[in-house]
Amino acid sequence: MLLNDTEYLPLSYLSQTAYCPRRVGLLLNERIWLESADTAKGRKEHESVHTQRIERRGSQVKLYEYSVYSDSLGVSGKCDLIEAQGDPSGCRIPAVDFPVTLYPVEYKHGKLREEQEYKIQLCAQAMCLEEMYHTHIPEGAVFYISSHRRQPVVLDEPLRQSVQETARQLRQIRDALTTPYAQYSAKCKRCSLLEYCMPSVKRSADSYCEQLAQEAKEAEAL
Ligand code: SF4
């Protein structure tokens with residue numbers, strides 16, 4: 001995907017798409033947002049890192065709230081933190097006057113857990129940086145704020161393909177300006193849009209319609 005006049009979509013919505021395509025349709029196309037205790041807590045915890053700044057200690061530099069974009073993925077957004085380490089074989093970035101290797105870190109609220117959508121978001125950030133600065137980033141990390149634990153993530157080829165596939169899906173949802181149907185799953189219980197989305201009701205309505213169609217077919221056959 002290469003952008004010309006097309007809008008960049010929010011990079012963080014890759015994570016939302018991977019979580020649930022309907023959720024991103026509601027957020028992006030229908031502009032629905034419902035605050036929950038979980039989202040409020042997450043926002044509060046994020047406030048400590050969401051201040052754009054640079055911290056230096058010798059050849060180690062920490063860049064907070066760093067803007068990134070990718071024409072090939074069609075997204076733009078911010079990295080919570082990029083750790084830049086001085087390295088003669090590294091790349092050049094505007095904020096630092098020596099070559100560096102880059103290590104993105106995505107902050108998430110709550111305790112350490114395995115979430116594929118967080119890895120997709122982190123890998124997308126790395127792919128943006130690679131495209132911007134012609135470098136390679138083999139690893140990043142997700143930092144869980146409540147437990148103060150860092151989970152390293154290897155940015156391998158399957159994960160990169162998942163990022164590309166998710167970016168295509170996000171673009172399709174945006175271009176079609178539609179909201180995918182609800183698919184009830186365990187994720188719905190943690191979704192802040194549950195009340196609005198009502199996936200169980202939708203599923204019941206679908207089953208009821210299917211049942212009516214089946215009865216009509218059977219009546220025709222008599
Ligand atoms: S309630 Fe379930 S189906 Fe609806 S948006 Fe949330 S995760 Fe998706």
Side-chain angles (χ1 to χ4, degrees), residues 1 6-47 50 73-80 106-125 127 140 142-147 149 151 153 158-214:
M1 181 200 315
T6 313
E7 65 176 335
Y8 288 95
L9 296 176
L11 188 151
S12 61
Y13 278 15
L14 292 175
S15 175
Q16 305 283 0
T17 308
Y19 186 82
C20 170
R22 177 168 171 81
R23 183 174 162 86
V24 88
L26 292 171
L27 292 170
L28 189 60
N29 293 339
E30 299 191 28
R31 302 280 171 196
I32 303 299
W33 176 253
L34 298 178
E35 189 78 296
S36 69
D38 228 29
T39 57
K41 191 168 176 233
R43 198 160 29 77
K44 190 80 195 146
E45 285 183 345
H46 254 103
E47 276 170 14
H50 279 189
L73 293 174
V75 296
S76 66
K78 297 219 166 161
C79 295
D80 286 336
E106 171 64 17
Y107 282 59
K108 292 296 178 194
H109 80 96
K111 297 191 175 147
L112 186 87
R113 59 199 185 275
E114 278 289 325
E115 301 284 7
Q116 180 65 6
E117 61 268 20
Y118 295 169
K119 294 180 184 177
I120 286 175
Q121 185 178 353
L122 174 75
C123 187
Q125 292 168 359
M127 290 165 78
V142 178
F143 180 77
Y144 291 90
I145 300 171
S146 299
S147 53
R149 296 274 303 278
Q151 181 186 51
V153 178
L159 183 56
R160 288 165 186 269
Q161 282 172 13
S162 295
V163 171
Q164 282 164 344
E165 181 45 44
T166 308
R168 269 193 290 275
Q169 198 180 7
L170 172 61
R171 178 66 56 185
Q172 273 167 7
I173 291 169
R174 179 54 169 174
D175 288 350
L177 282 177
T178 55
T179 300
Y181 286 122
Q183 299 276 342
Y184 187 81
S185 74
K187 291 178 176 180
C188 296
K189 290 182 192 148
R190 291 186 284 128
C191 177
S192 62
L193 303 185
L194 177 64
E195 243 176 70
Y196 181 88
C197 173
M198 294 195 289
S200 309
V201 173
K202 174 74 183 55
R203 193 173 55 165
S204 311
D206 280 349
S207 325
Y208 180 62
C209 291
E210 275 165 25
Q211 191 190 328
L212 283 183
Q214 185 59 34

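Each ligand, and each atom within it, is numbered from 1 in the order the structure gives. Side-chain atoms are counted along with the backbone in the values below, which use heavy atoms only and exclude waters and symmetry mates.
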Q. Backbone or side chain, does Cys20 get an N/O/S atom under 2.8 Å to atom 8 (Fe) of ligand 1?
A.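 Checking Cys20: at least one N, O or S atom is under 2.8 Å.
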
* Less than 4.0 Å between a side-chain N and a carboxylate O, is that true for Lys108 and Glu115? ->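 Looking at Glu115 and Lys108, the cut-off is not met.
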
Thinking salt bridges, do Lys119 and Glu114 make one under a 4.0 Å N-O criterion?
->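 Judged by the 4.0 Å cut-off on N to carboxylate O distance, Lys119 and Glu114 do form a salt bridge.
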
Discussion item. I'd like to know if atom 6 (Fe) of ligand 1 has an N/O/S atom from Cys191 within less than 2.8 Å of it, counting both backbone and side-chain atoms.
Written reply: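 Yes.
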
Practice item. Could you list which atoms of ligand 1 come closer than 4.0 Å to a heavy atom of Pro199? Key: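 Per the distance check, 1 (S).
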
(request) Below 4.0 angstrom from a heavy atom of Arg23, which ligand 1 atoms are there? Numbered from 1 as shown, please. (result)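 Here the atoms of ligand 1 in question are 5 (S).
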
message: Closer than 2.8 Å to atom 4 (Fe) of ligand 1: does that hold for any N, O or S atom in Cys197?
response: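 So Cys197 does bind atom 4 (Fe) of ligand 1 by this criterion.
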
With rounding to the nearest 0.5 angstrom, report the CG to CD1 distance, Leu159 to Ile120.
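Nearest 0.5 Å value for the CG-CD1 distance: 6.5 Å.
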
Hey, is the main chain of Arg113 close enough, under 3.5 Å, to the side chain of Tyr144 for a donor-acceptor pair?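 Here the side-chain-to-backbone pair exists.
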
>> Check whether Arg22 reaches the backbone of Tyr181 with its side chain - one donor and one acceptor, N or O, closer than 3.5 Å.
In response: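 Looks like no, no N/O pair under 3.5 Å.
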
Quiz item: When you measure from atom 2 (Fe) of ligand 1 to every protein heavy atom, which one gives the shortest distance, and what is it?
Solution: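 That would be Cys188 SG, 2.3 Å.
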
